[in-house]
Amino acid sequence: MTDPAQVKLELADMIAAASDGVVSAADVLAARHPLSALGLTSLARIRLIDTIEDSFGVNLDLDEDLSSFEHVDALAARLAGLLAAQ
Amino acid sequence: MTPATVAFRGARAGEAPLTWGQRLMWRAVHLMGPSQSFLNCPWVLPVYGRPDLAAVLDGLRALIERHESLRTTFADAPGGPVQRVARDGELTVPLVDAGAERPLAAAERLAGELGRAVFAHEREWPLHATIVTRDGRPAALALAFTHLAVDYQALALLSADWRRLLRGERLAPPPWQPMDQAGLEQTEPFQARSARAIRYWRSVLADVPLEVFDHPPGEPEDPRFIEVGMESVALAVAATRLAQRWTISTTSVLLAACATELATVSDRPRAVMQLVHSNRRDPRTQAMVGTVGQDGLFVLDLPGTDFAATCQAAHRAALTAYRNAHYDPAAMTAMRQEIGLLRGREPDLDAFVNDRRDGAGWAALPALAPGADLAPLTSQTRTYVTNAWPGVRFKVFFTVGTAPGTGQLSLIIDTAYLSRDQAVSMLLDIEAMLVRGAAG
């Protein structure tokens with residue numbers, strides 16, 4: 001079983017790493033602004049998707065709603081759904 | 001003057017398959033034949049401080065030793081093309097006196113001249129270098145690289161290294177080199193990513209129109225391919241404003257405008273363009289000197305509502321394009337040939353966009369009051385016709401240039417399909433679209 005709180009922390013670190021330090025894990029977890037507004041670029045987002053896929057062994061579909069990539073909670077929920085379906 | 005010689009000895013030698021980025025360039029240089037010098041990368045490294053010739057040659061030696069890409073030759077082998085990294089070798093470097101010319105101007109001119117030579121990839125080093133001197137002292141290094149060895153981000157890395165090396169710093173070799181990348185690309189996750197990207201391209205190619213334009217080719221100009229450029233502060237300011245308004249990148253805004261213009265000129269509701277993409281999203285490749293870029297496939301269905309919706313759609317389309325821009329070019333070629341058999345021929349994807357700026361914006365735009373009318377700025381805009389390339393086969397190729405203080409947008413066209421007047425109007429339409437959007 002994957003602990004949701006732990007997944008969220010891991011995602012926050014991944015987002016910070018993907019952003020090249022532009023966005024901090026603390027800002028991600030505070031979730032006061034969408035990730036775009038915090039400065040997460042398109043390329044950082046693709047890097048993040050690669051990292052999530054490689055780390056969790058899931059396949060993220062970009063055709064779905066992109067808004068789940070704007071907040072760590074939504075992203076964690078989506079990831080939890082994918083992990084549960086495995 | 002007698003040429004100098006740089007003798008180098010790096011940490012390792014080896015042979016590996018080509019990386020995906022190299023494979024793409026390998027195919028491109030062969031397709032382009034004698035016109036392949038279009039793909040060369042001229043570059044100038046200024047000589048900072050007042051080092052003597054020995055120090056400058058030593059800096060160049062260190063650069064070549066650090067980056068395996070700069071001591072690599074490329075060859076066809078029975079199992080497919082390979083990169084061969086040499087541990088040691090010598091590079092001959094001519095010395096040229098700048099004379100009355102400014103040394104940097106002379107270096108730029110010489111780099112351009114070096115860039116016109118076709119590289120013999122199997123037996124030549126992937127760079128040609130000339131040292132420009134002034135009053136007997138080295139003042140600048142004029143270079144041309146084959147695109148098999150570098151892309152624009154690699155050149156930026158070399159410039160940063162150069163500055164440090166001339167200051168006397170000792171730099172350890174970067175841990176990740178093209179041979180390592182080639183190994184990684186053979187692994188399962190990368191093969192799976194490649195397969196997914198190819199499925200996406202296939203879904204687009206299955207029903208994209210076979211031609212970029214529906215109208216038949218007319219009588220082309222001679223030379224057939226020309227580049228029309230525009231420098232517009234208004235374009236840059238407007239794109240910046242729109243990007244901030246919608247929290248998307250200026251690249252997405254420019255893509256939306258270029259794609260809208262292409263759709264309008266081709267009278268279609270959908271624009272399909274290849275997106276030249278630096279592809280350095282894997283952290284390991286970020287400090288690697290090599291050619292990593294591969295093209296993405298950008299598909300924009302015009303929402304038909306307003307420019308805001310178009311920009312949001314372009315933002316999403318760009319993400320999809322980037323995501324599917326990392327693939328094995330050999331598998332891609334096979335898929336495209338298969339589509340060609342199914343549809344009678346391969347669709348023509350000769351419409352491109354390349355944003356050469358490495359960050360998201362322009363660093364030195366004039367400060368304007370928020371909400372200030374941008375229309376008057378357009379009176380400063382100038383357009384011009386630049387290089388004509390005899391052998392490029394693009395129908396439409398937009399490039400966003402790197403000048404920090406103005407929006408540089410250029411457009412290479414095939415004059416069999418578009419006139420130079422049309423090309424100029426397309427650039428001005430794009431400027432007008434952005435200025436109008438920013439005002440709205």
Side-chain angles (χ1 to χ4, degrees), chain A residues 10-25 27-28 30-75 78-79 82-83 85-86, chain B residues 153 184 187-190 192-197 199-200 203-204 243-256 275 277-287 292-294 296 298-299 311-326 355 357-361:
Chain A
E10 276 183 49
L11 284 174
D13 283 339
M14 285 178 185
I15 293 167
S19 78
D20 279 331
V22 174
V23 184
S24 73
D27 284 342
V28 172
R32 275 192 295 270
H33 303 283
L35 294 173
S36 297
L38 289 174
L40 195 74
T41 63
S42 305
L43 286 189
R45 206 167 297 247
I46 298 295
R47 196 177 298 147
L48 172 66
I49 293 170
D50 286 349
T51 311
I52 293 174
E53 289 188 339
D54 291 348
S55 311
F56 294 98
V58 295
N59 195 356
L60 289 168
D61 190 350
L62 268 187
D63 294 337
E64 286 176 36
D65 188 5
L66 283 181
S67 60
S68 62
F69 284 97
E70 288 297 352
H71 290 284
V72 69
D73 281 321
L75 191 54
R78 180 155 161 195
L79 182 56
L82 288 169
L83 289 171
Q86 278 182 340
Chain B
Q153 191 159 338
L184 182 70
T187 62
E188 203 280 325
F190 276 71
R193 211 162 269 161
S194 169
R196 183 175 60 198
R199 279 198 300 278
Y200 161 75
S203 72
V204 177
Q244 282 166 355
R245 188 180 300 165
W246 298 318
T247 38
I248 57 178
S249 64
T250 52
T251 300
S252 295
V253 173
L254 293 169
L255 280 172
L275 195 54
H277 173 38
S278 78
N279 232 348
R280 288 174 181 259
R281 60 190 199 232
D282 186 317
R284 286 167 293 200
T285 59
Q286 282 179 22
V292 184
Q294 286 188 273
F298 176 79
V299 180
C311 285
Q312 295 293 352
H315 177 60
R316 173 188 286 265
L319 274 178
T320 302
Y322 295 143
R323 188 172 199 219
N324 294 299
H326 206 193
D355 188 345
R357 300 169 306 151
D358 57 351

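Numbers restart at 1 for each chain; the letters A, B, ... are given by sequence-line order, proteins then strands.
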> Do you know which two heavy atoms are closest between A:R47 and B:R280, and how far apart they sit?
NH2-O, 3.9 Å

> Please list all pairs meeting side chain to side chain donor-acceptor pair (under 3.5 Å) that have one or both residues in residues 30-39 of chain A, counting only residues at least two apart or in different chains.
A:S36-A:R45, A:S36-A:E70

> Between B:H326 and chain A, which part of the residue has a heavy atom less than 4.5 Å away: side chain, backbone, both or neither?
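No part of B:H326 comes within 4.5 Å of chain A.
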
> What distance separates A:L40 CG from B:T247 OG1, expressed to the nearest 0.5 Å?
11.5 Å

> Counting heavy-atom pairs under 4.5 Å with chain A, which one of B:H277, B:R193, B:Q286 comes out on top?
B:R193

> Which heavy atom of A:I46 sits nearest to which heavy atom of B:L319, and what is that distance?
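Reported closest heavy-atom pair: CD1-O, 3.3 Å.
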
> Find out whether A:N59 and B:R196 are in side-chain contact, i.e. whether some heavy atom of one side chain is under 4.5 Å from a heavy atom of the other.
yes

> Taking all heavy atoms of B:R323 and all of A:L60, pick out the closest pair and write down the distance.
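Minimum heavy-atom separation between B:R323 and A:L60: NH1-O, 2.7 Å.
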
> Checking B:Q244 against chain A: side chain, backbone, both or neither under 4.5 Å from a heavy atom?
neither

> Does any heavy atom of chain B fall under 4.5 Å from the side chain of A:I49, the backbone, both, or neither of them?
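Just its side chain gets close to chain B.
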
> Can you sort out the partners of A:E10 under salt bridge (Lys or Arg N to Asp or Glu O under 4.0 Å), two or more places apart, ordered by chain and number?
none

> In Å, rounded to the nearest 0.5 Å, how long is the span from CG of A:D54 to CZ of B:F190?
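A:D54 CG to B:F190 CZ: 6.5 Å, rounded to 0.5 Å.
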
